[in-house]
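A short write-up of the structure that comes next.
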Amino acid sequence: MTAASPIPTHPRLGIRMAYRLQRLLRPNAGYRRLSAGIEAAGPARRLFTGGERAVKGTLFGCRMCGQCALPVTGYVCPMGCPKELRNGPCGGVGSDGSCEVYPELRCVWVEAYERAASQGRAADLRLLHRPADNRRWGQSSWLNYWQGRDDDLWHSVSPGGTTPPVTPPRKS
Ligand code: SF4
């Protein structure tokens with residue numbers, strides 16, 4: 001499956017609502033059982049993954065990388081960065097916050113910072129993301145999240161290096 005080309009996308013979901021949904025969808029035993037049941041049935045899995053693709057594609061320009069970073073990027077998809085940078089902007093950001101590749105659009109990382117900071121979550125942007133695992137493209141990130149496969153997606157950074165994985169903030 002080929003993902004759509006990366007292009008910066010302005011989220012259609014307000015940041016307050018996104019963080020509310022994040023709390024509602026936090027993993028628990030119920031979601032774990034539900035996601036295990038969906039994964040066990042091929043058609044249900046395909047249907048669920050298709051639904052996620054439609055919803056998140058519309059709201060966030062999701063490209064289905066299968067390892068969602070939205071909870072710590074102010075719900076701005078970093079895979080919309082034309083360079084697919086998951087750890088902050090490149091050096092080409094315009095002084096007005098514009099993307100180097102698409103100057104008519106805003107850099108996803110500038111927008112991520114603004115949205116997270118507006119809710120007191122600017123510290124999220126300091127987390128260090130692991131490189132994307134390309135084997136997971138096309139998978140449902142919600143199922144991966146509820147099954148605990150996203151637990152080491154990002155680390156906090158300490159002066160002496162990295163610390164063990166932090167508990168992921170909750171997703172929408
Ligand atoms: S699953 Fe990946 S591509 Fe989709 S919104 Fe999350 S980070 Fe972006």
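Counting starts at 1 for both ligands and their atoms, following the listed order. Computed over heavy atoms, backbone and side chain alike; hydrogens, waters and symmetry mates excluded.
For the pair Cys99/Val93, no side-chain contact is recorded, criterion being any heavy-atom separation below 4.5 Å from C-beta on. Between Val108 and Thr9, every side-chain heavy-atom pair lies at or beyond the 4.5 Å cut-off. Here the side chains of Phe60 and Leu70 are in contact, with some heavy-atom distance below 4.5 Å. Looking at heavy atoms from C-beta onward, Tyr31 lies in side-chain contact with Leu25 at the 4.5 angstrom threshold.
Of the heavy atoms in Lys56, only side-chain atoms (C-beta onward) come closer than 4.0 Å to ligand 1.
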Apply salt bridge (charged side-chain N to carboxylate O under 4.0 Å, His left out) to Asp124 and Arg115, showing your working. CA-CA 11 Å; Asp124 288 354; Arg115 281 167 59 96; over 6 Å; no
Between Glu52 and Ser141, is a side chain to side chain donor-acceptor pair (under 3.5 Å) present by the stated rule, with each step listed? CA-CA 8 Å; Glu52 177 176 337; Ser141 72; 2.9 Å; yes
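In terms of protein heavy atoms, atom 4 (Fe) of ligand 1 is closest to Cys62 SG, 2.3 Å. Ala69 N, 3.4 Å is the protein heavy atom nearest to atom 7 (S) of ligand 1. At the shortest separation from atom 3 (S) of ligand 1 among protein heavy atoms lies Arg63 N, 3.2 Å. Considering only non-hydrogen protein atoms, atom 2 (Fe) of ligand 1 sits nearest to Cys65 SG, 2.3 Å. Looking at atom 8 (Fe) of ligand 1, its nearest protein heavy atom turns out to be Cys77 SG, 2.3 Å.
Distances below 4.0 Å separate heavy atoms of Met64 from the following atoms of ligand 1: 3 (S), 4 (Fe).
Distances from atom 4 (Fe) of ligand 1 show that Cys68 has no N/O/S atom below 2.8 Å.
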